[in-house]
Each structure stands twice: as C-alpha cells, then as structure tokens.
Amino acid sequence: MTTPVLEIRNLHARIEDREILKGVNLIIPPGEVHAIMGRNGSGKSTLSYVLAGKEDYEITEGEVLLNGENILELGPDERAAAGLFLAFQYPIEIPGVATMTFLKAALNAQRKARGEEELKTPDFMRLVKEAGSQLNIDSDMLKRPLNVGFSGGEKKRAEIMQMALLKPSLAVLDETDSGLDIDALQVVSKGVNALRDGQRSMLVITHYQRLLNHIVPDVVHVFSDGRIVESGDKDLALKLEAEGYANYGGEAA
Amino acid sequence: MADYDIPTLKEEIDRETVEQVLALDVDKYKYGFETDIESDVAAVGLSEDTIRFISAKKEEPEWMLEWRLEAFRRWLTMDEPNWAKVHYPKIDFQNISYYAAPKSFKGPKSLDEVDPELLRTYEKLGIPLKEQAILAGVEGAAESVGTPFGANVAVDAVFDSVSVVTTFRAELAKQGIIFCSISEAIREYPELVQKYLGSVVPVSDNYYATLNCAVFTDGSFVYIPKGVRCPMELSTYFRINEKKTGQFERTLIIADDDSYVSYLEGCTAPMRDEHQLHAAVVELVALDNAEIKYSTVQNWYPGDKNGKGGIYNFVTKRGDCRGVNSHISWTQVETGSAITWKYPSCILRGDGSRGEFYSIAISNGYQQVDSGTKMIHLGKNTSSRIISKGIAAGFSDNTYRGQVSAHAKAKNARNFTQCDSLLIGDKCGAHTVPYIESRNGTAVFEHEATTSKISDDQMFYCQQRGLSDEEAVALIVNGFVRDVLQHLPMEFMVETQKLISISLEGSVG
Ligand SMILES: Nc1ncnc2c1ncn2[C@@H]1O[C@H](COP(=O)(O)OP(=O)(O)OP(=O)(O)O)[C@@H](O)[C@H]1O
Ligand SMILES: [Mg+2]
C-alpha cells in the first residue's frame, strides 16, 4: 500500500478550555484532492492551523502523519520544509517586506532546511516568472510589501503563487475562493490544477460548490462540530448546496 | 504579462545577509576578539598633566594645548547630566586611561609599515585596508558584500587613540580634498582647524563634549574644496582595544561652497567585563549649497546578556548648515553599547537649508538607548525631516528624544517627524519624547508616532512559509526599518541587515 500524503487519526484539539476538534479522521492518498465543507465555526480553519502547527492549540489526542512521518512534534517551519503549505483564509500583512524578498527568503529557507542548495537569482527569477504569469501577478505587485494594501482577491492570488513556488506535497487551501471574482476564480483554479501531478495532494476548504467545478475533488467531506461526519464523491457537494447542513446536527451559526 | 525585473540589489542583499548571518557560527558579538599588541598607555587618571602628556605625544602646537587646558578647567566646574532616561553607576573619570597607542606606532605610516598584527585586526573586522585588497574588490564586488565597507571607500582607521592609516589619500589630494587624522590636520592645516574646531560644538557645550575637548586623542579631518564632489565614500573605523581606556575621538568635516561628501563611520570593541567609555565629538560644517551625508553604524559591545560590561557611548554630533541652501543628513544605525546617549543635530542657519535625521536604534538584553535629534531652525525657509525607527527587545529600554525649534527669524520653517517603535516581547520599553518649540507663526511642524508589536500571527505566517523564528524576526524588522535603510550607502546597508539579525538573536522563543 502506498503511504498516504496525509493521515489524521482521531485528532482532538482545544484552545483555552474549549475543545474544537473532536476526533478528526482523514486519509488523503497521493495525488488526491479532498474538499471539506461545513458550517461557519465548525472548526475547519482550526484544523488547518493545527496541521500547520500554530502554537495556540493544545492537542489532547491523536496523530498527524505527513508522508508517513508524525509531524505533531515539529515546529511550523519544519512542517513547511517537510512539504506542508497552508493558504490562509486571512493572509497576514508584512509591512516593508517586498513580496519578492519574502518569496525568496521562504523558498531558500525551505531549501536550506532540506539540505538543498539555495537558488541563484536567475533561477529564482525564472521560477517567479512562471508562477506569477499563471496567476496574473505582475512585477509591480511583487515589489509591494507582502499583502499590504492588497485587495482581497490579490491576497488570495498571492497565496496561490507562494504555493506554486514552494511546491508542497500537501496544500491546505482555506477558503481560497472567498472574495474572488469570476475571472480570478478561474485563474486561481488553473494555478491549483497545474500543481496536480498525481503525487501532490490537497485539502480544499470551501463554502461553495462552484469552486469544485474548477478544482474537481476526489472526495468531499462534511465537517460538523469538530469532526468529519460524512464523506462522498463530488456529488455530495451538490447535495449540500441544495439541502444545507440541516441534516448534520449542530446548530446553525 | 508584465516583465520581471531582476530583484533590486537591495532585495538580493536582504536574503544574502540573512544567509551570512546564519553561517556565522560565532559568539553573538562577532567582533569581540582582542588584538595582542603591546601598547603605550597613559597612566590611569585625569589631570592637567594627562592633557600635557597627550598633547606632547601628538606633537601639538602650543595653541592646541592651551585650548585643551581651558576646556579641562571648564570641565572641572561642570556636573554630569542626568536627564537622559538612562541609568548607570557613576563613572570614575580617574579610573580611565586617556591615551593608548600601539607600541609600534611612531607617527603616520604608509601601509607597508603598519604593524601586520594591526592589519590582521582590520582584516578580521572586514575592512579592506590594504589598497590592493580594495582594488581587487572592484572586480569581485561580491567579495566585498559582508564587509563593512565596499570597494570604493577611503578608510581612516582609529585603533584606540591613534589614527593608523588613511587610504586613498593621494587620489583624493588630486582634487584638493583633505582626508587625514585630526592630529595630522592640527599640525599640517592649523588655519582650517583653528577656524572650524569648536565652531559647531562649543568647548562648553556639555559635560562629555567639554571632556572630549580636553582629552580627545584622534579622529578624522575632512575638507572638501569649493565645487568638488567627493568621488568616493570617506570612512572612519573606530575600534577600542585596550583595557580600561576611554576613546575620545574628534571628527571635523568641512564642505566648502557647492561641494558634496558622504562620510561613513563604523565602530566595534572587544568584549570586556568592565565598562568602557566612548565620548566623541563630531562637527560638520556645510557652506553655501554644500551637502554632507554622515552615516554611522555603531555596534560597540553592548554587554553580556545579564548586562555586565559594554560600552558607554556618550556622543555629541552636530552639523551646522552654515551656508544658504546647504544640506546635512545624519543616518544612524545604533545596535551596540550598554548605554547610548546621542543626539546628532542640525543647526539650520543658512536660508533654505535642509536637515535630515534617519535613525534605526535597536536595543536588546539590558541595553539602554536614549537617542534622537535636534533640528534648530534659524534661517528662513529651512526644512527638516526626522524618521526614527526604534526596536526594543529583551529587557531593554529604547527612548527617542527629539527637539525641533524655530527661532523668531525662521520664517516658513518646516519639520516632519515620524517616530515608529517596534516591541519584541513584553519586558522591554519604547518611549517617545518630542519637544517642539516655535517662535515664528509661519512655522509648520508635524509629528507622527506609532508603536507596534510583532504579532504572533505574523510570526506564524512567516514560519508556515519555512522561516525559522529568528529569520522571521529579522525579516519583519528589516521591513520595519526599510524607510531608513534606503538612506544608507550600499556598504552600510549590507552591514546593517547583518547587524539587525545578530543584535536580535535570542529575542524570540
Ligand atoms: N482563540 C480562540 N478562543 C476561543 N475560541 C476560538 C478561538 N479561535 C477559534 N475559536 C472558535 O473555534 C470555533 C471554530 O473556528 P474556526 O475558525 O475553525 O471555524 P471555521 O469552520 O473555519 O469557520 P468559517 O467557516 O467561518 O471560517 C469557532 O467557534 C471559533 O469561535
Ligand atoms: Mg475558517
């Protein structure tokens, strides 16, 4: 059996005194795209933060394996170097740091952590050009400080550009489609699809079935009250769109 | 699709800087080595005899000795200031030696004659002292990345109390530029020195300045003749090596009508348990339409992580925009010293003159920094601009203290001040103390201040992209100081980014 890219076993996590993840189980084999849909406040972003290693959460039970390796003991930067990427629901502004500078720092930090040689400027420029042109990100935007004054859609495109550059083995996209206009949705989807190579896997968190027409998932999961309550093929998303989450218990937000 | 530019050199350096710093597998204070040279040290203590000793060592003319003695007598009547927001045990001025010269030193030398041990010290500091090295640096510019100074920089190096060597002098002399040690200027160009020394910072200016007048040992002298644009950066590198010595340098820069000069000053000192005193005076004079850019990177030893040892840095720096439309700009990066007390200032005397102050002050551990500027508007249509970036980490205290004043004749004086503070952790402090004073109704002064913290969300975001926590802090801080960084000459930009990382090591986690 091939090792899954991501395997989550009975994951429980709390913040302060509140349990938010209540036994998440999930397996994503290589090359698959899984979608997670679920009510506001059901814990989707929390799952993405816990996977990426944000400090605020206490893991009370469970395991997370990335390509067979338990990552719960690793710091966020080590998880990134191991191939985990999170496209943030709300990307953070880094004032004064040109996007280009940030991209280079990130890429080279990861390469160094993996014992690879750092990229020379011309090679880096070639990669940036590739990644940027797919996402309609021009050099002016790359000179601006990262996410500062970017529109909602620009922030999301910048996230996907970083993903394209960093080429993670697992990408978690948290509501990357929110705030995108119709054209941008296509552009972003194209960028995401370009990374699908039969090996890389993705976990796509969304509220809208529409995205899944562009990024066609292998499996759709319904998330409710801190766990996955149902899984199915892409048609499950259509059903949710029609019926809402009423059948899955919990309260409407 | 838009074209992609090669990232600017600055951006490239950002990254390389971070790399280089990480590659440094040395103690936090990488300049903390000591050079093993026999030196000629004045007996500890301060009296008229000490001053006569210094003056005699330097073969000074009688007028200079008199000037010093007068300053000393005045100093005896003065009290140490205590209004800066810094705290330190009283300095015992009788327990300091006021002169230390390497033993092998006998007057100015050509490079070949310089003690090879000294040259090795400068090599360790990364100064391309040897002209061959400097020239070689031109072809491999990359090689000069990471050294305090780039290829086309003339260097005057001050080792304890003595100016050791001045490079590139012949080339500068062709254009009539004088760049030498102040001791030499006193002997060789007495009329210039007598005319300008003490004309910007009067002998009685303040406690430390007066002390400096009495006991200053060496420093640099620059004169740029009318209409000359100095073709290279001029630079001094200060290093305190000897134990229990004070360093009292004196720098005097004169830019005659329509001239331009950019001057760089860098400082280091070895690690010592006891405190060392550094009390310099820098005077700048810009005549009609002249421009002086003065940049400092100061990374004196700040003391260990418990606050033991470190340099006391009490400095008086002042520029006089004496001529019409003259322009002086101070850019400083302060990362070192246990205590810094320093306010580079501009007197905007000439009509239409302009003063600027750009500052990055980083404090970590138990450092105390009290720094800022004074912009004194005297002439009509004068303008000034202040951008101060203070970064406090650890248990440190970082104060910006600034004064902007317009006198009755300063019609249409303008000032813009922006003070930003960044806190790392919650045990440090940042303070902004602006004094604004206007005696002219047409003056317009603007002041903006912000205080921010590096947020956990920013840290997490950077780490999620693969940066370690220290890399993340360095990157965020580099972003925070970007406005000021852009005003530094290329040579210093590299050094500064490296220093930012080094001085913030251990500030997170
Ligand atoms: N720091 C915190 N302290 C207390 N509760 C928190 C904290 N952070 C998140 N929560 C709570 O955890 C729950 C899950 O939040 P999360 O952001 O994971 O939801 P989500 O499924 O991503 O929602 P949305 O679809 O609106 O993005 C919410 O009820 C939220 O209020
Ligand atoms: Mg969410």
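Numbered from 1 within each chain, the chains take letters A, B, ... in sequence-line order. Keep in mind the model is a prediction, meaning the values are calculated, not measured.
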| query | Which heavy atom of A105(A) sits nearest a heavy atom of L467(B), and at what distance? | reply |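 Reported closest heavy-atom pair: O-CD2, 3.6 Å.
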| query | Looking only at heavy atoms, which two atoms of F102(A) and C462(B) are closest? And how far apart? | reply |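 Minimum heavy-atom contact is CE1-SG, 3.8 Å.
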Rounded to the nearest 0.5 Å, how far apart are [atom1] of [X] and [atom2] of [Y]?
X	Y	atom1	atom2	result
I476(B)	I94(A)	CD1	CD1	5.0 Å
I92(A)	S455(B)	CD1	OG	6.5 Å
T101(A)	N478(B)	OG1	CG	9.5 Å
L51(A)	Q464(B)	CG	CD	10.5 Å

| said: Heavy-atom pairs under 4.5 Å with chain A - which of S452(B), A472(B), G479(B) has more of them than the others? | reply: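 When all of S452(B), A472(B), G479(B) are compared, G479(B) has the most.
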| message | Using only non-hydrogen atoms and a strict under-4.5 angstrom cutoff, which residues of residues 166-188 of chain A touch chain B? | response |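 Answer by number: L166(A).
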| task | Could you list which of residues 64-73 of chain A have a heavy atom closer than 4.5 Å to any heavy atom of chain B, in residue-number order? | result |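 At a heavy-atom separation under 4.5 Å, chain B is reached by no residue of residues 64-73 of chain A.
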Which answer fits [X], side chain, backbone, both or neither, if we ask what part of it has an atom under 4.5 Å from a heavy atom of chain B?
X	value
P145(A)	neither
L146(A)	side chain
A52(A)	both

| Centroid-centroid under 6.0 Å between Y90(A) and Y461(B) rings |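 No - the distance between ring centres of Y90(A) and Y461(B) does not fall below the 6.0 Å cut-off.
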| said: With heavy-atom distances below 4.5 Å as the criterion, would you say the side chains of F460(B) and P76(A) are in contact? | reply: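 Yes, at least one pair of side-chain atoms sits under 4.5 Å.
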| request: Check step by step if side-chain contact (heavy atoms from CB on, under 4.5 Å) holds for Q463(B) and E55(A). | output: CA-CA 11 Å; Q463(B) 289 175 283; E55(A) 266 181 4; over 6 Å; no
Is the side chain of [X] donor-acceptor paired with the backbone N or O of [Y] at a distance under 3.5 Å, no angle test?
X	Y	value
Q458(B)	E93(A)	yes
E78(A)	G466(B)	no
R465(B)	A109(A)	no

| said: Are more than 12 heavy atoms, taken from residues, nucleotides or ligands other than D456(B), located less than 6.0 Å from that residue's CG atom? | reply: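 It does not: D456(B) CG has 12 such atoms or fewer within range.
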